[in-house]
Participant: 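Can you read through this structure? Questions will come right after.
Note: hydrogens, waters and symmetry copies are ignored here, and every other heavy atom, side chains too, is used. The chains referred to below are lettered A, B, ... by the order of the sequence lines, with proteins before strands, and numbering in each begins at 1.
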There are 2 protein chains.
Amino acid sequence: MTTARTPTRNRGNRRTEILDAAARLFAARGFHGVSIEDIGGAVGVSGPALYRHFSGKEALLAEMLLGISSRLRESAVAVVTASGGPGETLDALLDTQITFALEQPALITVHDRELGNVPEPARRQIRRLQRLYVEEWVTVLAELHPSCPAARLRAATHAVFGLLNSTPHSAGELPPEAMRPLLRAMARAAVDAAVNAR
Amino acid sequence: MTTARTPTRNRGNRRTEILDAAARLFAARGFHGVSIEDIGGAVGVSGPALYRHFSGKEALLAEMLLGISSRLRESAVAVVTASGGPGETLDALLDTQITFALEQPALITVHDRELGNVPEPARRQIRRLQRLYVEEWVTVLAELHPSCPAARLRAATHAVFGLLNSTPHSAGELPPEAMRPLLRAMARAAVDAAVNAR
DNA sequence: CGGTTTCGTTAATGATGACTAACATCTCGC
DNA sequence: GCGAGATGTTAGTCATCATTAACGAAACCG
């Protein structure tokens with residue numbers, strides 16, 4: 001039986017290959033709308049083979065969400081510690097979020113839809129990372145405009161995320177080279193408006 | 001018929017009561033994450049009672065999405081035909097979308113997540129209404145700035161929807177009276193930035 | 001009062017789907 | 001060359017769930 005689709009060395013790639021395929025499927029049809037068979041089929045194996053790599057469907061989702069939220073958080077921390085003025089830091093934060101949104105639309109989509117399906121030990125940790133990520137933004141915004149109440153800054157941050165993460169909906173409207181500056185300009189303007197209004 | 005006595009006979013209300021409860025549940029756990037039993041339970045009846053009101057789970061979702069998309073579209077048409085200058089029209093469009101987002105967060109959430117679960121006859125119609133709604137926005141934006149390519153205007157429109165529909169995520173951060181002007185200011189600034197950039 | 005409609009109820013029924021078991025195969029390190 | 005571990009496979013098992021069946025009771029209509 002030559003079942004091999006690709007004789008290449010798939011050392012540790014299977015896991016990430018599975019995570020990628022699952023992210024696309026979850027983004028398209030939702031966690032409960034995707035079966036283990038679907039995920040297996042998407043990477044060329046069938047069904048229960050996944051249990052060689054993950055302890056279950058929920059564990060797979062948990063690992064996926066932990067991955068994105070920690071990457072997001074890490075990149076924000078890197079940006080914040082590395083930079084100079086708050087204005088530049090904000091631009092850098094915007095750029096990394098835009099990069100994520102443009103390059104990993106499926107992950108970003110799953111990230112803010114499927115937290116409710118993560119079992120409890122991991123859920124708390126993901127929520128914590130998400131909160132820390134938001135707080136990085138809020139801190140930078142607060143430096144930029146100390147008189148603005150934190151609640152308003154938090155709401156503005158969520159709104160900017162909504163704007164940037166809308167990318168999956170406008171898939172195909174514009175090429176990424178055009179999308180990036182558009183999103184940057186819109187987000188920057190929205191932030192300024194939020195922070196400066198009467 | 002002189003009712004006044006007991007509100008027990010909810011003549012046509014059961015249907016909308018069910019639709020409301022289902023919208024909340026779908027928004028929270030996704031279409032496939034909610035059972036017919038759950039929906040029935042949320043309105044105090046149990047399970048198969050729903051089949052007295054809807055022909056099935058998918059039909060319920062279809063009616064729900066058709067309802068929102070036609071209401072959105074209708075209100076946009078009303079605004080566009082009634083108004084004067086394109087600037088005022090845009091503000092009015094923003095305001096109605098903000099009202100929907102603040103008053104019906106569950107519906108708005110389901111509206112842009114669950115289209116894929118609507119069976120085919122209705123799906124096309126919903127997509128059509130959504131497209132028409134977007135085109136109302138694009139037309140107004142084009143009047144405001146004729147030199148901007150339509151694709152860019154469409155992308156900007158989706159981004160503004162993302163911004164405004166982020167409301168469910170920032171639930172509780174700010175009271176609606178504060179949220180509305182914030183969203184208005186951010187959205188208006190984002191639109192202007194999209195339309196004016198180099 | 002009978003009869004019909006309306007709106008519920010509680011059992012099936014039949015699919016689907018997550019997960020487990022039992023059984024190959026391939027690649028190594030030795 | 002050989003056992004061991006990693007990775008697949010197919011055939012259960014057991015829940016859950018959408019949908020249907022069969023049946024009740026209140027309101028409405030004459």
Participant: Any donor-acceptor pair under 3.5 Å linking the side chain of A/Arg123 with the backbone of A/Val118?
Facilitator: yes

Participant: How long is the straight-line distance from CG of A/Leu60 back to NZ of A/Lys57, given to the nearest 0.5 Å?
Facilitator: 9.5 Å

Participant: Considering only residues two or more places apart or on different chains, which pairs with a residue in residues 21-46 of chain B satisfy ring-ring contact (aromatic ring centres under 6.0 Å, His included)?
Facilitator: B/Phe26-B/Phe31

Participant: So does A/Arg15 pair up with A/Glu63, basic N to acidic O under 4.0 Å?
Facilitator: yes

Participant: Kindly list each side-chain donor-acceptor pair under 3.5 angstrom involving residues 182-194 of chain B, sequence neighbours excluded, with atom names and distances?
Facilitator:
| from | atom 1 | to | atom 2 | distance (Å) |
| --- | --- | --- | --- | --- |
| B/Arg184 | NH1 | B/Asp95 | OD1 | 2.8 |
| B/Arg184 | NH1 | B/Asp95 | OD2 | 3.0 |
| B/Arg188 | NH1 | B/Asp91 | OD1 | 2.7 |
| B/Arg188 | NH1 | B/Asp91 | OD2 | 3.4 |

Participant: Tell me which residues in residues 117-125 of chain B lie within less than 4.0 Å of DNA chain C, going by non-hydrogen atoms.
Facilitator: none

Participant: Do the side chain of B/Arg29 and the main chain of B/Val34 share a donor and acceptor less than 3.5 angstrom apart?
Facilitator: no

Participant: Could you go step by step and tell me if B/Gln104 and B/His111 meet the side-chain hydrogen bond (donor to acceptor under 3.5 Å, both in side chains) rule?
Facilitator: CA-CA 10 Å; B/Gln104 313 280 350; B/His111 182 240; over 6 Å; no

Participant: Starting at CG of A/Leu65, measure out to CD of A/Gln125 and round the result to the nearest 0.5 Å.
Facilitator: 11.5 Å

Participant: Determine, for nucleotides 8-21 of chain D in 5'-to-3' order, which nucleotides have protein heavy atoms under 4.0 Å from the base (write B), from only the sugar-phosphate (write S), or from neither (write -).
Facilitator: BBBB------SBB-

Participant: In this structure, how many angstroms lie between the C1' atom of C/dC7 and the CG atom of B/Asn13, rounded?
Facilitator: 14 Å

Participant: Could you pull out every donor-acceptor pair under 3.5 Å between side chains of residues 39-56 of chain A and any protein atom, sequence neighbours left out?
Facilitator:
none

Participant: Please answer whether the main-chain N or O of B/Val195 pairs with a side-chain N or O of B/His145 as donor and acceptor at a distance below 3.5 Å.
Facilitator: yes

Participant: Bend across the helix from C/dC1-D/dG30 to C/dC30-D/dG1, to 10°, with axes taken over 5 pairs at each end?
Facilitator: 10°

